[in-house]
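Data block below; observations after.
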Amino acid sequence: MSAMFKFSYGLYVLTARENEKDNGCIANTAMQVTDQPKQVSVCVNKGNYTCEMIERTGMFNLSFLTQEADFEVFRHFGFSSGRDTEKFNDFNDAERAENGIFYVTKAINAMISVSVKETVDLGTNRMFIGEVTQEKVLSDVPSVTYQYYFDHIKPKPASEPEKKGYVCRICGYVYEGDTLPDDFICPLCKHGAEDFEPIGGDR
């Protein structure tokens, strides 16, 4: 099966190489442009160093991430790449494609190498359109979508402890505490305890 079948509204590791320097970042804007010849496009923020590398070298690789990818991959590559960062110094799950650029081998279902044929300025972003020079299918695991990433991979923020207290139905003043005194008077609207209700419902 062609690697092109793996394209989805997914997340990819976009990699580039200039001289002896390797770099990469997470991308989410890749798409197939034509089938004959096989052409794809990717949009990259101009402030991203990987964008500069692709612009100068005219080559890049895309590793298609799957639902098996863990958060460490996303944390490691990030959605941008710095000029002084070597993303592959401490990342072992990579091999070099025929064009000499790394591609990620773990938790991906396919990779493609692209030779840039056209560059389009999109303001803050640059679109690279190119011809596929190499493709590999590595697994049948479904590609990861943004929704899957947020629902199953990205760590959920620590939930705040449930706040205990009572809220005034008249003005919204919050009294913090386990029990509201019977003779309590709201300091804002001067209504009594009978106009307060427990936060989160009845107790």
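Below, all heavy atoms of this structure are taken into account, side chains as well, without hydrogens, waters or symmetry copies.
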TODO: Apply the test salt bridge (charged side-chain N to carboxylate O under 4.0 Å, His left out) to residues E52 and R83: give CA-CA distance (whole Å), side-chain angles for both, the deciding distance (0.1 Å), then the verdict.
DONE: CA-CA 9 Å; E52 295 181 29; R83 188 177 303 277; 2.9 Å; yes
Open item on the list: Is the ring pair Y175/Y166 parallel, tilted or perpendicular, if the boundaries are 30 and 60 degrees?
Closed with: tilted
Open item on the list: Using side-chain heavy atoms (C-beta onward) and a distance below 4.5 Å, is I112 in contact with V40?
Closed with: yes
- [ ] Check I54 against M59 and note the closest heavy-atom contact, atom names and distance.
- [x] CG1-O, 3.8 Å
Task: Nearest heavy-atom neighbours spanning F71 and K154 - done: CD1-CA, 4.0 Å
Task: F60: which of V44, N99, V114 passes side-chain contact (heavy atoms from CB on, under 4.5 Å) - done: V114
Open item on the list: Is the ring pair F64/Y12 parallel, tilted or perpendicular, if the boundaries are 30 and 60 degrees?
Closed with: perpendicular
Task: Cluster link L180 to I185, ILVMFWY, side chain under 4.5 Å - done: no
Open item on the list: Using a strict threshold of under 4.0 Å (side-chain N to carboxylate O), is an ion pair present between D151 and K156?
Closed with: no
Open item on the list: If you compare all heavy atoms of I108 against all heavy atoms of S139, which two are closest, and at what distance to 0.1 Å?
Closed with: O-OG, 3.5 Å
Open item on the list: Check this for me, if you would: do E18 and R56 make a salt bridge, where the nitrogen-to-carboxylate-oxygen distance has to be below 4.0 angstrom?
Closed with: yes
Task: Salt-bridge present (E72, R75; N to O < 4.0 Å) - done: yes
- [ ] Identify the two heavy atoms, one from V42 and one from A27, that lie closest to each other, and give their separation to 0.1 Å.
- [x] CG2-CB, 4.3 Å
Task: Between NZ on residue K87 and OG1 on residue T50, distance to nearest 0.5 Å - done: 6.5 Å
Task: Joint cluster assignment, L65 & I101, ILVMFWY side-chain distance < 4.5 Å - done: no
- [ ] To the nearest 0.5 angstrom, please state how far the CZ atom of F88 sits from the CG atom of D22.
- [x] 6.0 Å
Task: Ionic contact status for K38 with E135, cut-off 4.0 Å - done: yes
- [ ] Calculate, to the nearest 0.5 Å, the distance between atoms CG and CZ belonging to L11 and F74 respectively.
- [x] 5.5 Å
Task: Spacing of NZ belonging to K117 relative to OG belonging to S41, to within rounding of 0.5 Å - done: 15.5 Å
Open item on the list: Would you say that more than 12 heavy atoms from the other residues, nucleotides or ligands in this model lie under 6.0 Å from the CG of D121, or not?
Closed with: yes
Open item on the list: Hydrophobic clusters here meaning ILVMFWY residues chained together by side-chain heavy-atom distances under 4.5 Å, can you tell me if F128 and Y49 are in one?
Closed with: no
Task: K46, NZ: over 12 other non-hydrogen atoms inside 6.0 angstrom - done: yes
Task: Cluster link V132 to V116, ILVMFWY, side chain under 4.5 Å - done: yes
Task: Smallest separation among heavy atoms of A69 and I153, with atom names - done: O-CD1, 3.3 Å
Open item on the list: Any non-hydrogen side-chain atom of V13 less than 4.5 Å from a side-chain atom of T15?
Closed with: yes
- [ ] Determine whether R126 and E55 make a side-chain contact, defined as any pair of heavy atoms from C-beta on separated by less than 4.5 Å.
- [x] yes
Task: Nearest-0.5 Å distance that lies between atom OG1 in T34 and atom CD1 in I129 - done: 9.5 Å
Task: Flag side-chain contact, heavy atom, 4.5 Å: V104 against N61 - done: no
Open item on the list: Which label fits F91 and F77: parallel for a plane angle under 30°, tilted from 30 to 60°, or perpendicular past 60°?
Closed with: perpendicular
TODO: Please report the shortest heavy-atom distance between R17 and T57, naming the atom on each side.
DONE: O-CG2, 3.4 Å
Open item on the list: Evaluate L122 against C43 for side-chain contact (heavy atoms from CB on, under 4.5 Å), listing each step before the verdict.
Closed with: CA-CA 9 Å; L122 299 175; C43 287; 3.7 Å; yes
Task: Exercise: do S143 and N109 side chains pair donor with acceptor under 3.5 Å - done: yes
TODO: Indicate whether any N or O donor in one side chain lies under 3.5 Å from an N or O acceptor in the other, for S81 and N48.
DONE: yes
Open item on the list: Please evaluate residues Y103 and K136 with respect to the criterion side-chain contact (heavy atoms from CB on, under 4.5 Å), reporting the C-alpha separation (whole Å), side-chain torsions for both, the decisive distance (0.1 Å), and the verdict.
Closed with: CA-CA 11 Å; Y103 66 93; K136 281 187 179 181; 2.9 Å; yes
- [ ] Give a yes or no on whether N92 atom CG has more than 12 heavy-atom contacts from other residues, nucleotides or ligands under 6.0 Å away.
- [x] no
- [ ] Kindly compute the distance separating SG (C51) from CG (N125), expressed to the nearest 0.5 Å.
- [x] 8.0 Å
Task: Any donor-acceptor N/O pair, E176 side chain to G165 backbone, under 3.5 Å - done: no
- [ ] Establish whether V73 and Y148 are linked, either directly or via other cluster members, by ILVMFWY side-chain heavy-atom contacts under 4.5 Å.
- [x] yes
